[in-house]
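First up is the structure itself, then whatever we jot down about it.
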Amino acid sequence: IALITGGARRIGAVIAKALHDAGYGVIIHFRQSAQEAKNLANLLNASRVNSAWTVKADLQSIPQIEQMMAEVIAKAGRLDVLINNASSFYETPIGGVQEKQWDDLIGSNLKAPFFVSQAAFPSLKKHQGSIVNIVDIYAQRALLSYPVYSSAKAGLYALTQSLAKELAPDVRVNGVSPGVILWPENLPAESQCQIIEKIPLQRKGSPADIAETVLFLSEKGRYITGQVIAVDGGKGLV
């Protein structure tokens, strides 16, 4: 059984489908995307009965995290894999950053993965499970105008390594750092071309590239822990 936070949309939904295709039962967490989560669960259950569920929680609320984990076990009976995917992402140029933006970005990208992992640990430990954190290539190379987001993801990168030590030998903890996978909304075509030119593989990736790496770390990489794999077409090299 795999729990995917933010699993109703975009990369999270593709990860959920990939794990389901590999035989996992999947629990799709959402905060606001109720209809999308329900639609995805219905689609997956249509292909394999009683194999997908949804859970709602605000992951910046520790009581809601604990309630979510209790609901996961009540619905699925166990937990083998946790994918910390839910994330907020937006610009915060220096000079106008508000405290609520700081709290939101640090909360969703760092606080939530920590407390969800802590709550999941007892269940994961029973089955020698694993955690995969969705980090970002900008955890190591800050993105201009996104200092709070970049700092939060840098914290998640460090948290991945720290939890790998803390939870060993019972639970493996790794990360995946996506590069250019999905374009931000309203990004001009000219800007897209300029970005592609700087990627050694000369193309953007797809959500499936992230999902395949998550699946590998969840299922095959049994002697891998504390690693963050960049899936970026070589963008981190330039």
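In this chain, residues are counted from 1 in sequence order.
Two residues are said to be in side-chain contact when any heavy atoms from C-beta on lie closer than 4.5 Å; N109 and S87 meet this criterion. Within the 4.5 Å cutoff, no side-chain heavy atoms of I65 are placed close to those of F114.
A single hydrophobic cluster is seen to contain both I181 and V176, as judged by linkage of ILVMFWY side chains at heavy-atom distances under 4.5 Å, directly or through other members. A continuous path of hydrophobic side-chain contacts links V173 to F115 [ILVMFWY only; heavy atoms under 4.5 Å].
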Evaluate the side chain to side chain contact (heavy atoms under 4.5 Å, CB included) criterion for residues E190 and Q194: first the C-alpha distance (whole Å), next the side-chain angles of each, then the deciding distance (0.1 Å), finally the verdict.
CA-CA 6 Å; E190 182 180 353; Q194 291 173 351; 3.6 Å; yes
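Counting non-hydrogen atoms of other residues, nucleotides and ligands closer than 6.0 Å to NZ of K75 gives a total above 12. Heavy atoms from other residues, nucleotides or ligands lying under 6.0 Å from CG of L187 number more than 12. Within a 6.0 Å radius of NZ in K56, other residues, nucleotides and ligands contribute 12 heavy atoms or fewer.
Side-chain atoms of D232 and S177 form no donor-acceptor pair, as typed in the model, at a separation below 3.5 Å.
Partner of L3 under the side chain to side chain contact (heavy atoms under 4.5 Å, CB included) criterion, out of N84, I83, V55: V55 alone. For the pairing with I15, the side chain to side chain contact (heavy atoms under 4.5 Å, CB included) check across V214, L215, T213 returns one residue only, V214.
The aromatic rings of Y146 and F89 sit parallel, their planes meeting at an angle under 30°, below the 60° perpendicular limit.
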N/O donor to acceptor pairs below 3.5 angstrom from side-chain atoms of residues 91-103, sequence neighbours left out:
residue	atom	partner	partner atom	Å
Q101	OE1	Q98	N	2.9

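Separating the NZ atom in K38 from the CG atom in N45 is a distance of 12.0 Å, to the nearest 0.5 Å.
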